[in-house]
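Just so it is clear, the model here is predicted, and its values are computed rather than measured. All ligand and atom numbering here is 1-based and tracks the order in the structure.
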Amino acid sequence: MSTYLLPDQNAYFHPTSINDENHIQTEKQESYNNLLATLPKDKGWRSETVFLYKGFWLSSQVVRGLLLIHKHFNPQPTDIFLSAFMKCGTTWLKALMFATANRHRYKFSDHHLLRTGPQSAFPFLDTHIFLDHPITNFDHLPVPRLFATHFAHGLLPTSITSTCKFVYVCRDPKDVLISKWHFMSKLRSKELAPLSFNEAYELFCNGVSEYGPFWDHVLGYWKASQESPDKILFLKYEDMKREPAVELKKLAAFMGMAFTAEEEDQKVVEEIVKLCSFENLSNLEVNKDGGGVQMFTEKVVVENQEFFRKGKVGDWKNYLTEEMKDRIDNITAEKLKNSGLTLGITK
Ligand code: A3P
């Protein structure tokens, strides 16, 4: 069961099963199976197969999650979404957004995040439908409601993208590839042969990886952020590593919760940066072996510790040959040509 904190009440909300949700799922099963049968398929990193849905490779379960979001999610103008391609810094941003929104509630020495870790701080929408808590009922969440998603901008309903704010974080695709291969290899069904690094590399370069192509994902949010900078804050993992306090201040201002001069004097920015640092979060009991788990679906249960690996910029250097690196950099340069965005171009 997933639990989220109700900051105003200092209590946890324990959602109860609602049969409507099962009903929705059963009712839709047939048309959903028919839809999947029509979609192009390729090799999945975690599961056997991914499906090309409206230009993006998705597992069958998140295709279903997306359809249900379209049909049943009711966005509020005050909602703030955290969006990212997998392994670009979702966990870190979750912690930073939660800590920023709730900074008046906790002492930094006895913070909610220290007990739960970032993953449980607010809902991950894509697979929420498979849990005990219906997508139609997020009314218990405090305002602004915070949600996380990996869906591409163009896949989400316009009722969400035209109404809500988005914080998007991206990262050097070379580091994304390494991080994702490690993560998905841990999650990959033991019934399937392991996905070798070379296979993952080929698939990634060809755009075939869950929620990808990576570059189309980034470009979708980048273009939307250029059109509506007040609606989408576009962040880079590398900038956050270099100057976390600067990026955090941008984040807080974008969320409509800018730090006051008094808070800055009291070093609140530094406290949040420290609280949410890789070193701090990865060493919490809840994020260590046997600490806590995230249940994405009945079958996909991920230990919290898997969300923390190295937390560094440039780990790709330990995996990619010069030729492999050049190929990804060339794809990046070609895809982002004339967009005004640069990513991970390194000497
Ligand atoms: P690495 O595998 O390169 O170490 P996501 O949260 O989107 O799944 O991304 C996971 C990546 O972010 C992993 O990268 C993980 O180690 C890193 N990460 C997790 N928490 C972090 C934090 N607080 N600060 C910096 N990096 C973090």
Is it possible for you to check whether Arg145 lies under 6.0 Å from the centre of the six-membered ring of Phe138, through NZ or CZ, and within 45° of that ring's axis?
no
Counting the benzene-type ring for Trp, do Phe98 and His112 have ring centres under 6.0 Å apart?
yes
Step-by-step side chain to side chain donor-acceptor pair (under 3.5 Å) determination, Lys180 to Ser209
CA-CA 9 Å; Lys180 186 165 180 177; Ser209 78; 3.1 Å; yes
Compile the donor-acceptor pairs under 3.5 Å between side chains in residues 36-45 and protein atoms, sequence neighbours left out, one pair per line.
residue : atom : partner : partner atom : Å
Thr38   : OG1  : Leu35   : O            : 2.5
Lys43   : NZ   : Glu199  : OE2          : 2.6
Trp45   : NE1  : Val208  : O            : 3.0

Would you sort out whether Trp57 and Tyr211 count as a ring-ring contact (aromatic ring centres under 6.0 Å, His included), showing the intermediate values?
CA-CA 5 Å; Trp57 292 100; Tyr211 293 100; over 10 Å; no
Who are the residue neighbours of ligand 1 when the rule is a heavy atom under 4.0 Å from any of its atoms?
Lys87, Cys88, Gly89, Thr90, Thr91, Trp92, Arg171, Ser179, Tyr237, Cys276, Ser277, Phe278, Leu281, Phe307, Phe308, Arg309, Lys310, Gly311
Is the distance between the ring centroids of Phe307 and Phe183 less than 6.0 Å?
yes
